[in-house]
S.K.: 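Pasting a structure below so you can have a look.
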There are 2 protein chains.
Amino acid sequence: MTTSTEENYLKSIYHLSVGHPNPVLTSEIADSLTTSSASVTDMLKKLSEKNLIEYERYKGVRITRKGERVALSIIRRHRLWEVFLTDVLKFRWDEVHEMAEELEHVSSDELVSRLDAFLGYPKVDPHGDPIPDTNGKLFPSGSLSLAEAQTAQKYQVSGVSDHSAGFLQFLQKKGLMPGVLFSVKEIDEFDKSMYLLFEDNSGTFISHEIAKNILMKLYVNS
Amino acid sequence: MTTSTEENYLKSIYHLSVGHPNPVLTSEIADSLTTSSASVTDMLKKLSEKNLIEYERYKGVRITRKGERVALSIIRRHRLWEVFLTDVLKFRWDEVHEMAEELEHVSSDELVSRLDAFLGYPKVDPHGDPIPDTNGKLFPSGSLSLAEAQTAQKYQVSGVSDHSAGFLQFLQKKGLMPGVLFSVKEIDEFDKSMYLLFEDNSGTFISHEIAKNILMKLYVNS
DNA sequence: ATAATATTTTAGAGTAATCTAAATTAATTA
DNA sequence: TAATTAATTTAGATTACTCTAAAATATTAT
């Protein structure tokens with residue numbers, strides 16, 4: 001039905017679309033897949049032919065319902081395999097992306113749904129990104145950036161917006177993985193750097209640039 | 001290094017080689033991969049160029065040490081994924097082949113070795129085929145065909161030589177999966193059909209044609 | 001509003017895999 | 001051994017994806 005290459009283009013278009021009302025540009029897709037704009041144009045014609053995107057030349061693309069369904073199913077597979085790799089095979093969260101990029105193209109739907117069941121129907125992947133359900137529905141995460149945190153509130157790390165291995169290793173070292181509880185002791189008024197306090201009263205210092213790429217939620221005792 | 005297509009050719013050549021001293025013929029490979037002889041010839045040139053096979057035109061091919069190493073590493077992955085699919089995700093043994101055909105091309109060696117450890121270092125796949133170790137070593141199975149079984153001996157089913165879903169479902173129905181213990185109550189002298197007796201004193205009838213495709217070992221109480 | 005710049009598309013070609021049909025080589029049989 | 005048949009290889013095309021360089025279109029800046 002769809003080749004892995006088509007799937008990768010759709011995934012990229014989906015990610016570039018989400019939260020951006022304007023059409024996605026050829027050059028953005030080319031950058032995100034590190035390929036040439038000429039190749040992208042070719043593929044856009046093919047995807048448009050299959051009604052997976054709406055494409056008007058020189059005007060960029062919008063993903064269709066149908067294309068979104070395909071993209072979300074690949075994203076579902078990717079994130080479920082990431083959970084498998086960290087929770088079952090004990091890989092670190094900064095190691096799993098490349099492997100999941102390959103595994104996500106294994107086509108059996110039955111395999112994915114059994115994997116989901118075996119993993120206990122996880123809601124998020126190791127980076128805190130939500131896992132779409134079989135129908136392509138995504139739980140709204142309600143996350144905000146750590147850069148918006150205030151003192152005298154309790155928060156929980158819920159994800160990251162930079163998925164690079166280096167960034168993830170840095171957060172690991174700082175103890176800032178999804179699930180971790182913290183409060184903000186102090187925010188520097190000049191450079192907006194923060195001192196975070198953990199449950200065990202240890203703490204760590206975080207720059208504003210780093211904070212912008214960490215996602216969190218208000219934590220309420222339930 | 002090697003594409004999945006190359007890997008599939010190497011696997012096929014390896015399987016056709018094993019136990020046959022003569023070179024493998026172009027047409028045999030074409031049959032086993034359901035492709036044209038012309039395509040096979042093209043690929044043989046490429047594999048020969050990479051020193052994965054020894055190829056002399058019109059004379060067939062022999063796999064090299066290097067080619068065998070690659071083939072065995074793919075077979076190792078295939079069989080480990082089959083164990084994962086049956087033992088962990090609870091698929092039936094007649095369902096796992098197609099999925100393993102895709103999973104075997106996922107390239108991470110670290111993934112394979114962690115999967116191996118997670119599965120408890122299995123020695124055989126769900127069909128009784130031995131799993132090569134990291135160095136490409138295969139345990140000699142010491143299996144023989146059920147067609148050679150004699151009365152007044154205790155045997156254990158150790159594998160199959162026909163891997164088709166239909167055959168596997170038939171054996172499932174008959175209760176003849178790897179591991180099952182049985183003895184031969186009677187062999188018909190005309191058509192060589194057999195009546196097998198299980199541990200629980202139930203029994204089943206097996207034709208000679210079927211028996212030829214079932215592998216077994218002498219069972220000795222240890 | 002027109003010129004300069006940036007982006008996108010087309011044109012033409014390359015690689016990896018595939019096919020059919022024709023030509024070549026090997027094997028079989030008379 | 002020569003002729004027929006079978007197997008294999010070559011030739012020429014096709015599909016999916018890729019590229020660079022040139023042409024077309026859009027954006028921006030004066």
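Protein chains get the first letters and strands the later ones, always in sequence-line order, with residue 1 at the start of each. Side chains included, hydrogens not; waters and symmetry mates left out as well; all remaining heavy atoms used.
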S.K.: Closer than 4.0 Å, any side-chain N/O of S27(B) to the OP1 or OP2 of dT8(D)?
M.R.: yes
S.K.: Which residue in the set D116(B), D133(B), D125(B) passes salt bridge (charged side-chain N to carboxylate O under 4.0 Å, His left out) when paired with R76(B)?
M.R.: D116(B)
S.K.: Rounding to a whole Å, what distance do you find between L44(A):CG and dT7(C):C1'?
M.R.: 13 Å
S.K.: Which heavy-atom pair separates L138(B) from P130(B) by the least distance, and what is that distance?
M.R.: CD2-O, 3.6 Å
S.K.: Distance check needed: dT9(C) C1' versus Y55(A) OH, whole Å only.
M.R.: 7 Å
S.K.: Please list residues of residues 3-14 of chain B whose heavy atoms come under 4.0 Å from any atom in DNA chain C, ordered by number; otherwise none.
M.R.: T3(B), T5(B), Y9(B)
S.K.: Could you give me the CA-CA distance, side-chain angles and deciding distance for W81(A) and E104(A), then say whether side-chain hydrogen bond (donor to acceptor under 3.5 Å, both in side chains) is met?
M.R.: CA-CA 7 Å; W81(A) 280 117; E104(A) 73 188 6; over 6 Å; no
S.K.: Take the protein atom CG of N22(A) and the nucleotide atom P of dT7(C), then report the distance between them rounded to whole Å.
M.R.: 16 Å
S.K.: Looking at residues at least two apart in the chain, or sitting in another chain, which of them share a salt bridge (charged side-chain N to carboxylate O under 4.0 Å, His left out) with D129(B)?
M.R.: none
S.K.: Can E110(A) and R114(A) be counted as an ion pair, charged N to O under 4.0 angstrom?
M.R.: yes
S.K.: Which atom pair, heavy atoms only, marks the closest approach of L80(B) to V112(B)?
M.R.: CD1-CG1, 3.7 Å
S.K.: In whole angstrom, give the distance that lies between atom CD of E56(A) and atom P of dT9(C).
M.R.: 11 Å
S.K.: What's the CD-C1' distance between E28(A) and dT8(C), to the nearest Å?
M.R.: 13 Å
S.K.: Any ion pair linking E49(A) and K45(A) (charged N to carboxylate O, less than 4.0 Å)?
M.R.: no
S.K.: Taking atom P of dT15(D) as reference, at what distance in whole Å does atom CD of E49(A) sit?
M.R.: 14 Å
S.K.: Tell me: NZ of K46(B) to C1' of dT10(D), nearest whole Å?
M.R.: 17 Å
S.K.: Using the ring pair (Phe, Tyr, Trp, His ring centres under 6.0 Å) rule, pick out the option among H127(B), H78(B), H163(B) that qualifies with H97(B).
M.R.: H78(B)
S.K.: Scan nucleotides 19-28 of chain C nucleotide by nucleotide, 5' to 3', and note B when protein non-hydrogen atoms come under 4.0 Å of the base, S if they reach only the sugar-phosphate, - if neither.
M.R.: BB---BSS--
S.K.: Does a nitrogen or oxygen in the side chain of K45(A) sit under 4.0 Å from OP1 or OP2 of dT10(C)?
M.R.: yes
S.K.: With side chain to side chain contact (heavy atoms under 4.5 Å, CB included) as the criterion, how do R77(B) and L115(B) come out once you've worked through the C-alpha distance, each side chain's angles and the decisive distance to 0.1 Å?
M.R.: CA-CA 9 Å; R77(B) 293 182 200 166; L115(B) 182 64; over 6 Å; no
S.K.: Is the shortest side-chain N/O distance from T26(B) to OP1 or OP2 of dT9(D) below 4.0 Å?
M.R.: yes
